[in-house]
Amino acid sequence: MHLPADGAVDAPNGTAQGGGLDNPDGGTLTAKRNKILRNTVTTKGGAAQGGGLYLAGGSTGLGSTVLEENTITRNRAGDGGGIFKASGALTLNGDDIRDNRPNICSPADAVPGCTG
């Protein structure tokens with residue numbers, strides 16, 4: 001898991017991911033009662049994913065993230081302003097995910113319990 005120091009991730013001509021929380025390598029992440037607010041993921045000529053959270057299952061696809069009673073709001077990315085799930089397992093339990101741009105969760109229907 002990676003935690004960006006200032007809540008801003010930029011990768012010119014590459015892939016930027018996980019402005020608030022980043023679980024890209026198939027690890028296990030549990031986050032409870034956090035505020036993941038106002039993070040930004042940007043790139044020119046690449047992919048900017050997961051303003052609040054980026055999740056990938058790593059080479060095995062088995063990574064997992066459990067979120068419980070967190071607030072994920074006002075984050076921005078090229079896709080998945082709140083959450084971007086590339087692969088792995090994600091469980092939401094009482095989280096408030098709203099007001100993220102351009103969308104709340106992505107890809108569509110990839111995050112059970114999260115719409116938009």
Side-chain angles (χ1 to χ4, degrees):
M1 178 187 73
H2 307 278
L3 297 171
D6 61 2
V9 177
D10 184 39
N13 299 313
T15 299
Q17 60 198 34
L21 297 173
D22 186 12
N23 189 12
D25 300 323
T28 300
L29 168 65
T30 300
K32 186 172 183 178
R33 295 188 183 124
N34 295 283
K35 292 184 178 181
I36 304 166
L37 311 170
R38 297 182 186 94
N39 298 288
T40 302
V41 178
T42 60
T43 185
K44 292 182 181 177
Q49 302 168 324
L53 166 70
Y54 177 89
L55 167 66
S59 61
T60 63
L62 299 177
S64 66
T65 298
V66 176
L67 302 178
E68 187 173 338
E69 300 174 9
N70 296 283
T71 298
I72 302 174
T73 187
R74 296 189 178 141
N75 300 287
R76 292 179 177 265
D79 195 15
I83 297 173
F84 188 92
K85 179 184 167 201
S87 63
L90 176 58
T91 303
L92 302 177
N93 186 11
D95 299 282
D96 181 14
I97 307 170
R98 60 183 163 79
D99 301 326
N100 298 285
R101 303 286 182 255
N103 45 21
I104 304 299
C105 298
S106 186
D109 300 323
V111 181
C114 186
T115 59

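Values below: all heavy atoms of this structure, side chains included; hydrogens, waters and symmetry mates excluded. Since the structure is predicted, the reported quantities are computational estimates derived from the model, not experimental observations.
Nearest approach of A56 to A86, heavy atoms of both residues: CB-CB, 4.0 Å. N75 and G51 get closest at one heavy-atom pair: CB-C, 3.7 Å. For V41 against G19, the heavy-atom pair with the smallest separation is CG2-N, 3.3 Å. G50 and A77 make their closest contact through N-CB, 3.8 Å (heavy atoms, listed as atom of the first residue, atom of the second, distance). Minimum heavy-atom separation, P102 to G81: CD-N, 4.2 Å. Across P112 and A110, no two heavy atoms sit closer than the pair CD-O, 3.4 Å.
With sequence neighbours excluded, the residues satisfying side-chain hydrogen bond (donor to acceptor under 3.5 Å, both in side chains) with E69 are R33.
Of the possible polar contacts, none joining the T43 side chain to the A16 backbone as a donor-acceptor pair under 3.5 Å is found. For the pair N100 (side chain) and I72 (backbone), a donor-acceptor distance under 3.5 Å is present. Between the side chain of N34 and the backbone N or O of N70 there is no donor-acceptor pair closer than 3.5 Å. T73 places a side-chain N or O within 3.5 Å of a backbone atom of R98 that can act as its donor or acceptor partner.
Residues L37 and R74 are not in side-chain contact: their nearest non-hydrogen atoms beyond the backbone lie 4.5 Å or more apart. For the pair L53/L67, a side-chain contact is recorded, criterion being any heavy-atom separation below 4.5 Å from C-beta on. When side chains are defined from C-beta on, D79 counts as touching N103, because their heavy atoms get closer than 4.5 Å.
Atoms CG and CD, from L55 and Q49 in turn, are 11.5 Å apart once rounded to the nearest 0.5 Å. Atoms CD1 and SG, on I97 and C105 in that order, are 5.0 Å from each other to the nearest 0.5 Å.
A single hydrophobic cluster is not seen to contain both I36 and Y54; linkage of ILVMFWY side chains at heavy-atom distances under 4.5 Å, directly or through other members, places them apart. Hydrophobic clustering (ILVMFWY, side-chain heavy atoms < 4.5 Å, transitive): V111 and F84 are in distinct clusters.
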